[in-house]
Peer 1: 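Have a look at this one before I ask anything.
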Amino acid sequence: MSKASSHWQSYQNSVTRYPELGFSIDTSRMDIPADYAQKLEKEIARAFDGIKKIEAGEVMNPDEGRMVGHYWLRNADLAPNDEIKKQITEPLEDLKAFAKKVHRGEVSNPKGGRFENLLIIGIGGSALGPQFIYEALGADSPLKTFFFDNTDPAGMDATLSEIISKTQGGISKTLSLVVSKSGGTPETRNGMLEAQAAYEAIGLEFGDHAVAITGEGSKLFNYATENSFLSIFPMEDWVGGRTSVMSTVGLVPAALQGIDIDALLEGAKVMDELTRTDNASENAAMQLALAWHHAGNGKGEKDMVVLPYKDSLVLFSKYLQQLVMESLGKEKDLDGKVVHQGIAVYGNKGSTDQHAYVQQLRDGVPNFFATFIEVRKGRDGNSVEVDPNTTSADYLQGFLRGTRTALYESGRKSITLSIEEVDARMIGALIALFERAVSHYALLVNINAYHQPGVEAGKTAAGIFLDLLQKVKGALTDSEQTAEQIASWIEADTEDVYHCLTHLANNGTATVSQGSTPAEDRFKKA
Ligand SMILES: O=P(O)(O)OC[C@H]1O[C@](O)(CO)[C@@H](O)[C@@H]1O
């Protein structure tokens, strides 16, 4: 058999097509042995059984004692009881009605006129989904959208000055959406207070311009109530942050941006249905999970490089980075055994990345597999010819196929997902596909995909640093002292004290006389 025809055959054997979605997944360039699924028969059965339990409402996040309900969000009939069904359908109606009122100017800024801008304040799962969706589908949004997704003051200043200088109506015509499931995330709290200060600086009440999305009774919920926010949309306990894009977290912004949220939910629902089959070879989500498993030896030994060949999908890898890494990056399995699981995810877009890091992918350390996303339709309308009979879309397709071949020739594996075009239905389907692949993979390797104990360690340490910073501030005097002197005075670690002092010296609270080593640097009150 010729090399070409052997590829043709393996493509036929490895492609799963869903014509109802205009979607296919091709794992032929992953070189998965034909008997791989058979060898993992037990694990695959556990995964299919596990996802049924998830959808049935069993407590599948045992550490947090929570149900895992994101699959109900696009099909409320799946919800395990009427109360949960109502928690899905009622906010959906409310948020659609709210978006209509904003668009019609019935909910408007007190100075008159419609809201023109949207400032979304959130982090992690409370920002990445809305960012991805806005980039992918928000081109015609009636509200120009901005994000505070960090506690970086310079970043927030830059965003505010863009709102002030480059939009209609500036801050006064900006609707702020504060998004936090827990309602206690410091970055989001800080972003909210910074935004509030910007409104107040021009004599406006923050509450007249603000909406919260949060769990009932959270700190943010109480703050929004006390400050008479325009509205509070609920976020439920059984939806995790990184799988919240089809809850109020993603749907409130999307509806405000005029995105077809029914199509988004419908695409996810159809993908859920198609990947509910226990036939692994027809189940695109299981195909994806098995490809990850084979590539990384079930231990995440290979990173996943996500390469969508479409500018509007540029944030997909960033979105998937949280979904996959926060879900799968775990120290222990469900039996308490130390496993250090995970799959590292990075990427940007093709063909742009071909002129950046693809050199290493082709020739360097072979520690990854690629996931190409092919969008079959180049653009709406006519194309100019950039060469005789050749369009830019032809080039884009050529670069994708060429890179895939070049990688394979040097032993680098890849998955190719093909979609017809980037629209709300397809984005819903893609999100659902990866959510289900993550569920499957976690069940294959026996881990809890729905908690994030590792994140807490950093938060706790940051709290300790902030407490120390206050003590160091209090220990500064009008005469110069070294870090060691202050550390011994307040009985703290000298290196930690030194970093507090350099921070204070760079932010106007202290001054420093630089010595030739950190130990010789001398600090006093500014
Ligand atoms: O929506 P919240 O509660 O502000 O949390 C934001 C993010 O913080 C985390 O809890 C931990 O980083 C994420 O899982 C979550 O998406």
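Being a predicted model, the structure only gives us computed values, none of them experimental. Just so you know, ligand 1 is whichever comes first in the structure, and atom 1 is the first atom listed for that ligand.
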Peer 1: Select the closest option to atom 5 (O) of ligand 1 among Val249, Leu128, Thr185, Val179, judged by heavy-atom distance.
Peer 2: Thr185
Peer 1: Out of all atoms in ligand 1, which are within 4.0 Å of some heavy atom of Ser180? Include the element for each.
Peer 2: 1 (O), 2 (P), 3 (O), 4 (O)
Peer 1: Please say whether Gln322 places an N or O atom under 3.5 Å from an N or O atom belonging to ligand 1.
Peer 2: yes
Peer 1: With nothing but distance in play, are any N or O atoms of Ser182 less than 3.5 Å from an N or O of ligand 1?
Peer 2: yes
Peer 1: Are Ser418 and Glu374 close enough that a side-chain donor and a side-chain acceptor fall under 3.5 Å?
Peer 2: yes
Peer 1: Which is closest to atom 14 (O) of ligand 1 in terms of heavy atoms, Glu326, Glu456, Lys459, Glu187?
Peer 2: Glu326
Peer 1: Do the side-chain N and O atoms of Asn448 and Asn61 include a donor-acceptor pair separated by under 3.5 angstrom?
Peer 2: yes
Peer 1: Is the shortest heavy-atom distance from the side chain of Ser327 to the side chain of Tyr441 under 4.5 Å?
Peer 2: no
Peer 1: Mind running salt bridge (Lys or Arg N to Asp or Glu O under 4.0 Å) on Asp49 and Lys53 for me, showing each step along the way?
Peer 2: CA-CA 6 Å; Asp49 183 49; Lys53 288 181 178 157; 3.2 Å; yes
Peer 1: Tell me whether Lys318 is salt-bridged to Glu135, with the criterion being a basic N under 4.0 Å from an acidic carboxylate O.
Peer 2: no
Peer 1: Can you name the residues that form a salt bridge (charged side-chain N to carboxylate O under 4.0 Å, His left out) with Glu216, not counting sequence neighbours?
Peer 2: none
Peer 1: List the closest protein heavy-atom neighbour of atom 7 (C) of ligand 1: residue, atom name, distance to the nearest 0.1 Å.
Peer 2: Ile123 O, 3.7 Å
Peer 1: For Lys96, give me all partners under salt bridge (charged side-chain N to carboxylate O under 4.0 Å, His left out), at least two apart in sequence or on another chain.
Peer 2: Asp262
Peer 1: So which protein heavy atom does atom 12 (O) of ligand 1 come closest to, and at what separation?
Peer 2: Val455 CG1, 3.2 Å
Peer 1: Pull out every atom of ligand 1 sitting under 4.0 Å from any heavy atom of Gly124, numbered as shown with elements.
Peer 2: 16 (O)
Peer 1: With heavy atoms of Gly125 as the reference, note each atom of ligand 1 found under 4.0 Å away.
Peer 2: 15 (C), 16 (O)
